[in-house]
> 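The following block contains the structure, expressed as structure tokens.
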Amino acid sequence: MNKKWVTSLIIIAALLAIAVPVAAITYGEPDDGEHPYVGLIAFYDAQEEFIWRCSGSLLSPQLVLTAGHCTAPDGDTVPVLARVYFDEEIIYDPDIDDYTNTWFYDGTPVPNPLWSGLSIPETHDIGVVVLNQPVEGIDEFGQLPTLGVMDEVGSKSDKRQVILTSVGYGQNLPHPDAISFRTRYQAQSFLINLNNPTTAGWNIMASNNPGQWVGSEDYTTGGTCFGDSGGPVFLGGPDSDLIVGITSFGNSGCAGADYSYRVDIQDSLDFLSAFIDTP
């Protein structure tokens with residue numbers, strides 16, 4: 001069920017969650033209600049069989065932002081239904097290979113039409129889930145950035161001062177022991193590069209090593225892992241709601257660096273403009 005990528009060294013985070021069913025962001029902390037609009041997305045095929053999962057964030061009551069590779073077909077496997085859960089802990093039943101929380105919203109997955117696989121750096125790795133009905137009980141949403149905001153902050157000579165916060169329901173490397181739960185976690189990291197051959201203005205390269213000092217003594221670094229794909233990357237600390245990236249890919253050890261697809265570029269804002277007002 002895993003997708004075939006251009007290189008074995010770069011692995012899309014969401015799909016390995018199927019083979020490694022464990023919980024939460026690496027070396028992070030429970031989100032503790034900071035981002036109630038970040039949810040777990042379970043995807044299903046035309047036979048309503050569960051196929052894979054990702055993370056995502058509400059931009060409006062009926063629109064969830066996620067990754068293109070989460071919403072796009074993988075060969076003959078086509079996601080036609082998405083089910084989004086917003087509980088802090090999502091209960092997974094391995095006997096039925098599915099989730100059992102009763103509070104969820106169904107919707108239609110829509111990938112960026114330019115997504116055609118992992119062709120670095122221009123992955124066009126952005127997608128949405130259009131929900132069938134508005135989400136109730138959540139009155140705050142992720143905010144879209146203005147065009148090029150990361151270029152502005154990325155010009156700082158000390159990029160460790162550029163704090164990023166990732167949120168998702170992926171694997172927690174230090175404690176991969178909660179097979180029956182998917183818990184919303186967050187972790188802080190810092191910017192490494194926007195303009196090397198892998199990023200080239202399309203992706204954000206951020207630290208994915210634990211325990212490093214970042215920005216101030218208030219934060220130590222964590223990162224993303226399998227299952228966090230599609231989750232938001234916020235500019236700033238844990239109280240930020242400004243989404244500048246979408247968790248996209250990293251290496252097989254979930255360490256060193258991770259990469260998110262930029263939301264503050266024309267490609268992303270043009271795609272989203274069909275669904276929501278963009279800055």
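Heavy-atom basis, side chains included; hydrogens, waters and symmetry copies ignored.
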> Do Asp241 and Glu140 come within less than 4.5 Å of each other through their side chains, counting heavy atoms only?
no

> Tell me whether the rings of Tyr85 and Tyr99 are parallel (<30°), tilted (30 to 60°) or perpendicular (>60°).
tilted

> Between CG of Asp277 and CG of Leu59, what distance do you get to the nearest 0.5 Å?
11.5 Å

> Taking the six-membered ring for Trp, is the centroid-to-centroid distance between Phe249 and Tyr259 below 6.0 Å?
yes

> Could you tell me which non-hydrogen atom of Pro73 sits nearest to which non-hydrogen atom of Val78, and how far apart they are?
CB-CG2, 4.0 Å

> Is there a side-chain contact between Leu147 and Thr278 in this structure, where contact means two heavy atoms from C-beta onward sitting under 4.5 Å apart?
no

> Donor-acceptor pair, distance only, cut-off 3.5 Å: does the side chain of Ser240 make one with the backbone of Leu235?
yes

> Quick check on the hydrophobic clustering: are Phe271 and Val130 connected, directly or via other members, by side-chain heavy-atom contacts under 4.5 Å?
yes

> Side chain to side chain contact (heavy atoms under 4.5 Å, CB included) with Leu164: which of Ser189, Ser207, Ser260?
Ser189

> Are Val129 and Trp103 co-members of a hydrophobic cluster defined by side-chain heavy atoms under 4.5 Å apart?
yes

> Classify the side-chain pair Asp93/Thr100 by whether it contains a donor and acceptor separated by less than 3.5 Å.
no

> How far does NZ of Lys159 sit from CD1 of Ile192, to the nearest 0.5 angstrom?
11.0 Å

> Report yes or no: does Trp52 contribute a side-chain atom to a donor-acceptor pair with the main-chain N or O of Phe43 at less than 3.5 Å?
no

> A quick test of your reading: do over 12 heavy atoms of other residues, nucleotides or ligands sit less than 6.0 Å from CG of Asp32?
no

> What's the spacing between His124 NE2 and Ser116 OG if we round to 0.5 Å?
7.0 Å

> Working to the nearest 0.5 Å, report the span between CG of Asp45 and OG1 of Thr77.
7.0 Å

> Taking all non-hydrogen atoms of both residues into account, name the closest pair between Ser268 and Val263 and its distance.
CB-O, 3.5 Å

> Does Gln186 reach the main-chain N or O of Val167 with its side chain, forming a donor-acceptor pair under 3.5 Å?
no

> Looking at Asn203, Asp267, Asp151, Thr199, which hits side-chain hydrogen bond (donor to acceptor under 3.5 Å, both in side chains) with Arg262?
Asp151

> Give the minimum heavy-atom separation between Leu269 and Pro279, together with the two atoms involved.
CD2-CD, 4.3 Å

> Mind running side chain to side chain donor-acceptor pair (under 3.5 Å) on Asp98 and Tyr92 for me, showing each step along the way?
CA-CA 6 Å; Asp98 209 341; Tyr92 170 75; over 6 Å; no

> Taking the six-membered ring of Tyr169 as reference, does the NZ or CZ atom of Arg182 fall below 6.0 Å from its centre and within a 45° cone about the axis?
no

> Quick one: does Arg184's side chain have a donor or acceptor within less than 3.5 Å of a partner on Ile90's backbone?
no

> Between Asp264 and Met150, is there a donor-acceptor pair closer than 3.5 Å when you use the side chain of the first and the backbone of the second?
yes

> Aromatic ring centroids of Phe234 and His35 under 6.0 Å?
yes

> Are the side chain of Asp125 and the backbone of Tyr261 linked by a donor-acceptor contact shorter than 3.5 Å?
no

> Between Gln188 and Gly237, which heavy-atom pair has the shortest distance, and what is it?
NE2-C, 4.4 Å

> Are Leu194 and Ile204 side-chain neighbours, meaning at least one heavy-atom pair lies under 4.5 Å?
yes

> Hey, quick one: are Ile276 and Leu131 part of the same hydrophobic cluster, counting side-chain heavy atoms closer than 4.5 Å, chains of contacts allowed?
yes

> Write down the atom of Trp115, the atom of Thr123, and the distance for their closest heavy-atom approach.
CE3-O, 3.0 Å

> With no hydrogens and no angle check, is any side-chain donor or acceptor of Glu48 less than 3.5 Å from a backbone partner on Ala46?
no

> Please name the pair of heavy atoms, one in Gly33 and one in Glu88, separated by the smallest distance, quoted to 0.1 Å.
N-OE2, 2.6 Å

> Just wondering, do Ile126 and Leu65 contact through their side chains at under 4.5 Å, heavy atoms?
yes

> Nearest 0.5 Å, please: how far is CG in Leu58 from CG in Leu63?
8.0 Å

> Side chains of Val84 and Val135: does their closest heavy-atom pair fall under 4.5 Å?
no

> Are any of the side-chain heavy atoms of Tyr105 and Glu136 separated by less than 4.5 Å?
yes

> For the backbone of Glu89 and the side chain of Asp87, can you confirm whether one donor and one acceptor N or O come within less than 3.5 Å of each other?
no

> Look up atom CE in Met205 and atom CZ in Phe190, then write down how far apart they are to the nearest 0.5 Å.
10.0 Å

> Check whether any side-chain heavy atom of Ile41 lies under 4.5 Å from a side-chain heavy atom of Cys70, and answer yes or no.
no

> With a 3.5 Å distance limit and no angle check, can you tell me whether Asp228 reaches the backbone of Ser55 through a side-chain donor-acceptor pair?
no

